[in-house]
Structure formats: C-alpha cells, structure tokens
Amino acid sequence: MEKKNILMSKFKHLTGALAGLVALGLAPAAAQNYPTRPITVIVPFAAGGPTDVIARIVGDHMSKTLGQTLVIENVVGAGGTTGITRAKRAKNHGYTIAMGHLGTQAAAPALYPNLQYDPLNDFEQIGLAAGTPILILAKKDFPPKDLKEFVTYVKANESKLNMAHAGVGSVSFTTCLLLNHILKVKPTSIPYQGTGPSINALVGGQVDYMCDQIVNAVPQVLGGTIKAYAIGTEERNPALPNVPTSKEAGLPEFQASAWNALIAPKDTPKPIMEKLSAALDKALDDEATRKRLLELGSDIPGKNRRGGAALSALVKSEIDKWTPVIKAAGPLN
Ligand code: MLT
C-alpha cells in the first residue's frame, strides 16, 4: 500500500509541475515542435471561389515557413457555417484551422438564430489574410449600360430576375441583401456552394446578377465575360481601374467590402497560435504572395491590422456593423 501511495504522490507532483509549465506558457514538447505533420485548412465553400483562392495563396507560403503542407479541405453548406462549425469542433492541436470571412464570422450570427458557434468565443484568432472589396456584377448581355440603368432595370424587372449567391450567411448573400434593400427589390435568389460555381453560372448567363468579392471576378471582368457596374469602396481598385465606385456611379449607400481571416479552435496552445500568426504575417510580407493577392484586387492588411488581437477587434466591429444592416433588410425571403 505504501509503495502505491508513494507512486500516486509522485504522479500528482509530476502532473502539477507539468500544469505549472503549461500555465507559464511553456507548453508541452508537442507545441514546441509544432508542426510535425500537414495542417488541414477548412475552407467552408466550394473550390475555386474567393475563400478557397485566398486560402491557397497564403497557404502556399505558410507551408514553406512552417515546413509542413497546408492541405485545403472544402467543407460546404449553409453559407459557410457548416465548415466553420466543423472547425469549432476540431481538436485544438493546431492541425485543423479554417479560413472564415465577413459572412461566416460577422453576418452569420444575425442570419442564423441557432448558429452552432460564437465567432469570437469559440475560436482563437490567427489573423486577417486579405480585404476583398465587393463588386456589383451581371451577365455580359444584361441590358443596363451603367449602374443608374441597372437600378432602374432591376426595379422594373425584379420578379423576372435571378440573383446568385453562396448561401445564407455568405458574403455574396449578405452584400446583395444590402443592395436589394437599397433598391427595395426581392429577385429570385439562387444559392450555390460557393461563388466559384455561381460566377460560372453568371458567365454562362444562367443567372442575371450577383455581388461578389473582387478576387473572384477580375479575370472575367477584364475578359468581358461578365459586367462589373461598380465597386463598393471609397476608391477604385487598381486591379479594375475602369470600374467606378458606387458613389461615382450614383449609389453611394452601397458600401461593401469583405475580408477573409484564419481562425483556430478555442484553446489552441499559445506557442502554436504564435507560429501560425507569424507564418501568415510572413506570407503577407512575401513579394510573390503579395503580387498574387494584389493582382486579384485584394487589400493586404498593414502590420497594425494583422495578428489575433486585431482580428478579434475586427470581428466584433463587423458583427456590430452588419447586424443592424441585416435586421433592417427584413425577412430573408
Ligand atoms: C461568399 O460569397 O461568401 C464567398 O464568395 C463564397 C466563396 O468563397 O465561394
């Protein structure tokens, strides 16, 4: 009996010491040696869309820094909330992270009363990857020549028009909810598993218009396979210098810019979070990575907008910004 008590006492001392080390942030060796195998990045939309493209661009460089491949896993559905819920439930060992965005992290709480995650409290925030201004897009043979004609035409033909989006809670859904609210129209809305597929439908003429992140539309606009009527930011975008701002085009109320950001499950150890945030930071400073993001019209965050604390502040401010917009837009269908 004596021997067993001695062993139990030693075990308790050992676990106590380990807990002390963890408490001091000196996490177990696993965190110190992280990563020792590939890292899964959940992208909550179909391949080829903006979330997927940004995850692959920054993930390519992060893989070099971390010495392990970042493997994209597209987990679609429910406007991106299925994938983000999967990320919430993942183990907090740093080998499953996710690319969320304005829709999943800031609009979803107002759009899903029973949302299965809290964007702020159920995740550790790795950092902002890219800002993505919103374009008002239409199929190439849509009759209006400019935004003023677009407004008149959509108001006159709303019952005949199909608007594409990536599901309730997506950026494309939320920002066109704002546009339709401003125009006081309710077109038929056609959901897709991402704006990769929906922009293909726009190019094919199967849908009439949509609101999408610029990174998903630059080649198509430049190639003339779709039309861009305006961009929802104060300034024009260098990737599409001929596309007027919504203010220039006569619809100043339409101000819309999204963002994509990396997150990890709650209680992911601090040393792991620091490595992930540092790798993202390095990717955003890499010339080749910056070139790929800028060519697609991204807004690359400056140093003061990077890292977990800045992302937490952004998520909170964006929830505060978009919740009243969504409530004012009224019932979803
Ligand atoms: C969105 O509309 O939320 C995104 O563009 C969807 C996507 O990344 O495919």
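Ligands are counted one by one from 1 in listed order, and the atoms in each one are counted from 1 as well. All values derive from a computational prediction rather than experimental measurement. Numbering of residues begins at 1 and proceeds along the displayed sequence.
The ligand atoms of ligand 1 that sit less than 4.0 angstrom from a heavy atom of His101 are 1 (C), 3 (O), 4 (C). The atoms of ligand 1 that sit less than 4.0 Å from any heavy atom of Ser172 are 1 (C), 2 (O), 3 (O). Numbered from 1 in the order shown, with element, the atoms of ligand 1 that lie under 4.0 Å from a heavy atom of Thr51 read 7 (C), 8 (O). Every atom of ligand 1 is numbered from 1 in the order shown, and the set under 4.0 Å from a heavy atom of Gly194 is 9 (O). Close contacts between ligand 1 and Ser170 involve ligand atoms 1 (C), 2 (O), 3 (O) [criterion: under 4.0 Å to a heavy atom]. Heavy-atom contacts of Thr195 reach the following atoms of ligand 1: 2 (O), 4 (C), 5 (O), 6 (C), 7 (C), 9 (O) (cutoff under 4.0 Å).
Between Tyr192 and Phe45, the gap from one ring centroid to the other reaches at least 6.0 Å.
The proximity of Asp212 to ligand 1, defined as any non-hydrogen pair under 4.0 Å, is limited to the side chain. The part of Gln213 lying near ligand 1 is the side chain, judged by heavy-atom distances below 4.0 Å.
Distance from atom 1 (C) of ligand 1 to its nearest protein heavy atom, with residue and atom name: Val171 N, 3.4 Å.
Of the charged side-chain nitrogens involved, none lies within less than 4.0 Å of a carboxylate oxygen, so that Glu287 and Lys291 do not count as a salt-bridged pair.
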TODO: Could you walk me through whether Glu248 and Thr245 pass side chain to side chain contact (heavy atoms under 4.5 Å, CB included), step by step?
DONE: CA-CA 5 Å; Glu248 288 171 318; Thr245 66; 3.1 Å; yes

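The aromatic rings of Tyr209 and Phe150 sit perpendicular, their planes meeting at an angle over 60°, well past the 30° parallel limit.
The closest approach between Gly103 and ligand 1 stays at or above 4.0 Å for every heavy atom of the residue.
Every residue was checked against the side chain to side chain contact (heavy atoms under 4.5 Å, CB included) condition with Ala278, not counting sequence neighbours, and none meets it.
At least one donor-acceptor pair under 3.5 Å links the side chain of Thr81 to the backbone N or O of Ala78. Side chain of Ser172 to main chain of Ala166: a donor-acceptor pair is present (N/O by atom type, distance under 3.5 Å, no hydrogens or angles).
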